[in-house]
Amino acid sequence: MNAYVESVLANVREKYANEPEFVQTVEEVFSSIEPVVNKHPEYEKADLLNRMVEPERMFSFRVVWTDDNGQVHTNRGWRCQFNGAIGPYKGGLRFQKNVYPGIIKFLGFEQIFKNSLTGLPIGGGKGGSDFDPAGKSDAEVMRFCQSFMQALYRYIGPDIDVPAGDMGVGGREIGYLYGEYRRLKGTFENGVLTGKGFSYGGSRIRPEATGFGAVYYLQEVLKHEHDTIEGKRLAISGYGNVAWGIMKKAAELGAKVTYFSGPDGYIHDPDGVTGEKIDYILEMRAKDPMHCKSYADKFGVEFVPNAKAWGVKDVDVYMPSAMQNDVKMDSAVKIAESGVKYYIEVANMPTTNDALNYLRSQKHIIVAPSKAVNAGGVGVSALEMAQNSERLVWTAEEVDAQLHKMMENIHRVSAEAAEEYGLGYDLVAGANIAGFQKVAQAMMEQGIF
Ligand code: 2IT
């Protein structure tokens, strides 16, 4: 181990012992970039790595809202402006009961390297709240979003920090957030948020972008292996927006999602989620984000309660697409034993570090990291920003073509970075190295701060 990297990791482990998800992502990224640090001794003198793990700015705020019965509630909100070296801070907002600074920081740290990989000028940021959207009425969500934006609006802007959605924040929430921003600022600065509705500056393909991008990335991996997507059976987790995009693009390209899951268990649909079933996914998600069993009832397929599909053998690709630390060591062992060749991470940090390293050590498995695979989402967000600043609207075909090119590039630069450092076809290390190099160079060139 490089002594400088080792000392930074020790520092992070000690200082942030109460933020385990953040420690986990720093360990994951920095274990890959050792060869780069070996090659650049000047990084230590500039203390580049300790600077990188400290957000440029992070703040918390009070979010007070009134429910439909007149009861007042107080939640916490955060925004982490992690690294702005290559562009305005960019990253989603997560509204979920379990959100605390460790979650915001892990997501923000991942976002730095992911955004760098897109090749577009966006820095890394993330935000959110411990607000629990479950069971809230539209009016309650609106009041919450308005209050959230009242606290945040002074600190964001199209050239400052551009939030978007993440778990618990979709088109509806972005609409309320943007409405409040516009009302408070008195300007039509729609480049301040992405994931907007099309009627007020949203981009075509943004709702599909993360899922579509993941499938385009998968195609690049398959191409590398002289294989094709045609006929491939995919086991994914989750049934949210990202899962929906994967289902749609997979079906379009002659592949199919045969397993997916929710918090209540998993669905096995051997015919694949296609046609009207894809539309039903959206409907089911909007109605009940906690249960997917109704899909099995409606379409007469198997539902296995309280279980995940990790380890099933009748698939070709695994794509964890639900949430962080979804795949732990026990699942990783089952995945390896299943004989499936492709393990393509989609959700942010879906694999614990021990499980990820175990899978990477299996010769018969190709592992692709989420920060590359899911980068199409934020990549199209950057295209939305470009359209907003141009005051233009691009067609779905134009956006999709750019997304496709972006994913090819991300795969290529990752593979090349790994190759350059003698690591073979290591997409995990390659993505970390490629993402890191650009940010490191920008920070070195901009002086010490
Ligand atoms: O994790 C992510 O990349 C996102 N939630 C999307 C961020 C964005 O700014 O579109």
Side-chain angles (χ1 to χ4, degrees), residues 21 25 78-84 86-96 99 103-129 152 156-171 173-174 177-178 190-197 201-214 217 238 240-246 320-324 326 345-350 369-388 399 402-403 406-407 410 431 435:
E21 296 86 354
T25 183
W78 292 270
R79 187 71 186 167
C80 175
Q81 299 178 334
F82 218 128
N83 192 306
I86 66 170
Y89 311 107
K90 180 88 197 82
L93 299 170
R94 180 174 289 194
F95 292 172
Q96 206 171 46
V99 165
I103 297 274
I104 301 294
K105 280 177 64 183
F106 113 66
L107 290 164
F109 193 72
E110 282 285 289
Q111 203 81 45
I112 300 170
F113 307 100
K114 178 198 307 194
N115 292 5
S116 167
L117 276 171
T118 66
L120 296 167
I122 39 177
K126 204 81 191 192
S129 172
L152 190 61
I156 60 175
D159 296 316
I160 302 170
D161 181 358
V162 183
D166 193 86
M167 292 164 83
V169 178
E173 288 75 15
I174 292 294
L177 289 164
Y178 180 63
N190 61 356
V192 69
L193 290 169
T194 62
K196 298 182 293 294
S203 177
R204 293 295 188 208
I205 307 292
R206 179 63 190 86
E208 295 91 339
T210 309
F212 279 20
Y217 187 100
N241 206 43
V242 175
W244 166 74
I246 294 173
S321 316
M323 60 180 174
Q324 68 273 8
D326 194 12
E345 289 191 330
V346 185
N348 291 312
M349 202 168 76
S370 56
K371 69 170 70 62
V373 177
N374 75 28
V378 73
V380 171
S381 276
L383 301 181
E384 182 171 331
M385 291 162 68
Q387 292 170 76
N388 295 155
V399 177
Q402 290 223 33
L403 169 63
M406 194 186 312
M407 299 314 299
I410 291 171

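Keep in mind the model is a prediction, meaning the values are calculated, not measured. Whatever order the structure lists ligands and atoms in, that order sets their numbers, starting from 1.
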Side chains of Val162 and Ser381: does their closest heavy-atom pair fall under 4.5 Å? no
If you measure from NZ on Lys114 to CZ on Phe109, what distance do you get to the nearest 0.5 Å? 13.5 Å
Ranked by distance from atom 7 (C) of ligand 1, the top protein heavy atom is Gly92 N, 3.6 Å
Ligand 1 versus Val162, non-hydrogen atoms closer than 4.0 Å: side chain, backbone, both, neither? neither
Does ligand 1 have an atom that lies less than 4.0 angstrom from a heavy atom of Lys126? yes
Decide whether an N or O pair under 3.5 Å exists between Asp166 and ligand 1. yes
Among Val399, Thr194, Asn190, which residue satisfies the side chain to side chain contact (heavy atoms under 4.5 Å, CB included) criterion with Gln387? Val399
Does the pair Asp166/Lys126 count as a salt bridge with the N-to-O cut at 4.0 Å? yes
When distances are taken from atom 6 (C) of ligand 1, the protein heavy atom at minimum range is Arg206 NH2, 3.6 Å
Residue pair Arg94 / Val169, side-chain heavy-atom distance below 4.5 Å: no
What's the spacing between Tyr217 OH and Asn374 CG if we round to 0.5 Å? 11.0 Å
Before signing off on this row, confirm whether Ala164 and ligand 1 have an N or O atom pair separated by under 3.5 Å. no
Please list the nearest protein heavy atom to atom 3 (O) of ligand 1 with its residue and the distance rounded to 0.1 Å. Lys114 NZ, 2.7 Å
Would you check, one step at a time, whether the test salt bridge (Lys or Arg N to Asp or Glu O under 4.0 Å) holds for Glu384 with Arg206? CA-CA 8 Å; Glu384 182 171 331; Arg206 179 63 190 86; 5.1 Å; no
Just to be sure I read this right, does ligand 1 sit under 4.0 Å from the backbone of Lys371, its side chain, both, or neither, counting only heavy atoms? neither
Looking at atom 10 (O) of ligand 1, what's its closest protein heavy atom, distance included? Ser381 OG, 2.6 Å
Logged contact type for Glu110 with ligand 1, heavy-atom cut-off 4.0 Å, is neither
For atom 9 (O) of ligand 1, what's the nearest protein heavy-atom neighbour? Residue, atom name and distance, please. Lys90 NZ, 2.6 Å
What is the distance from atom CD of Gln324 to atom CE of Met167, rounded to the nearest 0.5 Å? 6.5 Å
